[in-house]
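Keep in mind that the numbers below use all heavy atoms, side chains included, and drop hydrogens, waters and symmetry copies. Counting starts at 1 for both ligands and their atoms, following the listed order.
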Amino acid sequence: MYKFLVTGGAGFNGGNFCHYMVNKYPDDVFVCLDALTYAGNMETLAPILDKPNFSFVHGNICDRELVFSLFEREKFDFVVNFAAESHVDRSIENPRIFLETNILGTQTLMDACRKYGIRRYHQVSTDEVYGDLPLDRPDLFFTEETPIRTSSPYSASKAGADLLVMAYHRTFGLPVTVSRCSNNYGPYHFPEKLIPLVIKKALADEPIPVYGNGANVRDWLHVHDHCTAIDCILRKGRDGEVYNIGGHNEKSNLEVVRTILHALGKPESLITFVKDRAGHDLRYAMDPTKIMTELGWKPQYTFETGIGPTIQWNLDHQDWLANIISGEYLRFMEKNYRRN
Ligand code: NAD
Ligand code: TYD
């Protein structure tokens, strides 16, 4: 029996990970620590709240006293850190909270790991730490050796955390792994990110805001496959290693928007080109060879097989959407799109 701390488990990726792990490993115990920011919602955890191997703690990963007392009480074997400020557009509006949560929060967790001892600290990171690739070089991909070259305050804060994690491994011998995943989509995705935003707006027959000319490329991986990859790294990954996660599903933003509009039977005339994001990364594309060959991980979904069920999930869970939309979210939306 292992005891896991999952931070940020009330958000999109962390929530899906908690669902997956709690059901897959009934003999292991999972504690979720989450500050319930605008992006975190108990509604996301509702299906597992009654499970005997799951419990929830409301708190901030930067709160040293709380984190240390939790570690002292629970004696965790594994720590998986999903907790983060995660939206690039918000990091352009207000970088500071990204540095606090994403870097100092990570440090607080690792200090607790050092003091109380753990089998493995896993840092959930992102392909965005590698910057971007040109649109006219489809032969180029991010590998684990690609230099860190960040564009936004969000990606800079994630890269800072990654470097700190590797420093704690080298300097203090902390057993760590880092995963860098491409863009995710799937159930419980907060509706200010592209895919759930497009579904929500299309259903309401509202204009779909596409930044710039819509040619920017993202590499889309279903969140289920992100969860299985992290599980695989926790079980089989080597200490001090970085693993890229992706499935070669590159799509331009326009292709993604058109796919969703067609699936919902909505007209392309809803597409509205708006002012580009500052510093907008052109193309992300992951090379997942290392995790596939060394650890034997394989994704279950392609974009083509994953997007249909994701649209259907959104259609079936409009109550979830209605319940999580807070006043803070509405204020952000108004401010973000007013700048166009
Ligand atoms: P999210 O914004 O949906 O969820 C973040 C969660 O963290 C929320 O539940 C929030 O309440 C919680 N949180 C925020 N600050 C906290 C704090 N100080 N203390 C405790 N909890 C806090 O994010 P997501 O999209 O699920 O991303 C989760 C992780 O996965 C992030 O580290 C992100 O960098 C990484 N990631 C995301 C993607 C993606 O496409 N969404 C891709 C690759 C990596
Ligand atoms: P997003 O979901 O914010 O993820 P990230 O910036 O981390 O990749 O955005 C995905 C892509 O969609 C990105 O190129 C920006 C673009 N985008 C739009 O064109 N319109 C929108 O309203 C949003 C939110 C994003």
Side-chain angles (χ1 to χ4, degrees), residues 6-18 32-42 44-45 57-63 66-67 80-92 97-98 100-102 104-106 108-109 123-129 132 151-152 154-155 157-158 161-162 179-186 188-198 201 207-221 223 226 230 244-246 251-254 256-257 271-277 279-284 286 324 333 336-337 340:
V6 182
T7 67
F12 166 48
N13 279 285
N16 277 280
F17 184 75
C18 285
C32 167
L33 171 65
D34 197 296
L36 298 179
T37 68
Y38 77 94
N41 293 282
M42 292 308 286
T44 295
L45 291 170
V57 176
H58 183 198
N60 196 311
I61 59 167
C62 301
D63 182 342
L66 175 126
V67 167
V80 187
N81 182 24
F82 286 92
E85 289 293 331
S86 71
H87 191 183
V88 174
D89 290 322
R90 283 183 185 253
S91 82
I92 295 168
I97 183 74
F98 285 71
E100 287 166 1
T101 288
N102 299 1
L104 296 179
T106 296
T108 306
L109 291 171
Q123 177 73 1
V124 180
S125 187
T126 164
D127 59 358
E128 300 195 29
V129 301
D132 62 354
S151 310
S152 68
Y154 163 67
S155 56
S157 70
K158 293 298 292 183
D162 285 13
S179 57
R180 295 182 179 145
C181 191
S182 61
N183 283 64
N184 301 116
Y185 65 100
Y188 302 105
H189 204 177
F190 196 75
E192 67 184 22
K193 303 285 178 74
L194 181 70
I195 287 182
L197 181 92
V198 173
K201 288 196 175 285
I208 314 276
V210 173
Y211 297 164
N213 62 6
N216 303 61
V217 168
R218 296 295 183 263
D219 186 356
W220 293 99
L221 187 77
V223 64
H226 190 189
I230 294 172
N244 282 356
I245 308 173
K251 305 281 168 206
S252 74
N253 292 339
L254 260 187
V256 169
V257 172
I271 295 173
T272 310
F273 293 99
V274 298
K275 187 175 160 221
D276 209 353
R277 171 186 282 172
H280 198 173
D281 280 336
L282 292 173
R283 171 176 168 251
Y284 301 148
M286 273 305 207
I324 64 155
M333 292 301 277
N336 189 49
Y337 291 100
N340 302 310

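At a 4.0 Å heavy-atom cut-off, the residues surrounding ligand 1 are Gly8, Ala10, Gly11, Phe12, Asn13, Asp34, Ala35, Leu36, Thr37, Ala39, Gly40, Gly59, Asn60, Ile61, Phe82, Ala83, Ala84, Ser86, Thr101, Val124, Ser125, Thr126, Tyr154, Lys158, Cys181, Ser182, Asn183, Asn184, Lys193, listed by chain and number.
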Could you pull out every N or O of ligand 2 that sits under 3.5 Å from a protein N or O, with the distance for each pair?
| residue | atom | partner | partner atom | Å |
| --- | --- | --- | --- | --- |
| ligand 2 | 2 (O) | Leu194 | N | 2.9 |
| ligand 2 | 3 (O) | Arg277 | NH2 | 3.1 |
| ligand 2 | 4 (O) | Asn183 | ND2 | 3.4 |
| ligand 2 | 6 (O) | Arg277 | NH1 | 2.5 |
| ligand 2 | 6 (O) | Arg277 | NH2 | 3.3 |
| ligand 2 | 7 (O) | Glu128 | OE2 | 2.5 |
| ligand 2 | 8 (O) | Asn183 | ND2 | 2.9 |
| ligand 2 | 8 (O) | Arg218 | NE | 2.7 |
| ligand 2 | 12 (O) | Asn253 | ND2 | 3.4 |
| ligand 2 | 14 (O) | Arg218 | NH2 | 3.2 |
| ligand 2 | 14 (O) | Asn253 | ND2 | 2.9 |
| ligand 2 | 14 (O) | His280 | NE2 | 2.7 |
| ligand 2 | 19 (O) | Tyr211 | N | 2.8 |
| ligand 2 | 20 (N) | Pro209 | O | 2.8 |
| ligand 2 | 22 (O) | Pro209 | O | 3.4 |
| ligand 2 | 22 (O) | Tyr337 | OH | 2.5 |

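With sequence neighbours excluded, the residues satisfying side-chain hydrogen bond (donor to acceptor under 3.5 Å, both in side chains) with Asn81 are Thr7, Thr106, Tyr121, Gln123. A search for side-chain contact (heavy atoms from CB on, under 4.5 Å) contacts involving His280 returns Tyr211, Asn216, Arg218, Asn253, Asp276, Arg277, not counting sequence neighbours.
Without hydrogens or angle criteria, Asn213 side chain to Ala215 main chain gives a donor-acceptor distance under 3.5 Å.
Residues Asp162 and Ser125 bring a donor and an acceptor atom of their side chains to less than 3.5 Å of each other. Using modelled atom types and a 3.5 Å distance limit, the side chains of His226 and Asn13 yield a donor-acceptor pair. Residues Ser86 and Lys193 bring a donor and an acceptor atom of their side chains to less than 3.5 Å of each other. Using a 3.5 Å distance cut-off with no hydrogens or angles, the side chains of Glu128 and Tyr154 do not pair a donor with an acceptor.
With a 4.5 Å cut-off on side-chain heavy atoms, Pro209 and Thr272 do not count as touching. In this structure the side chain of Leu33 reaches within 4.5 angstrom of the side chain of Leu66, judged on heavy atoms.
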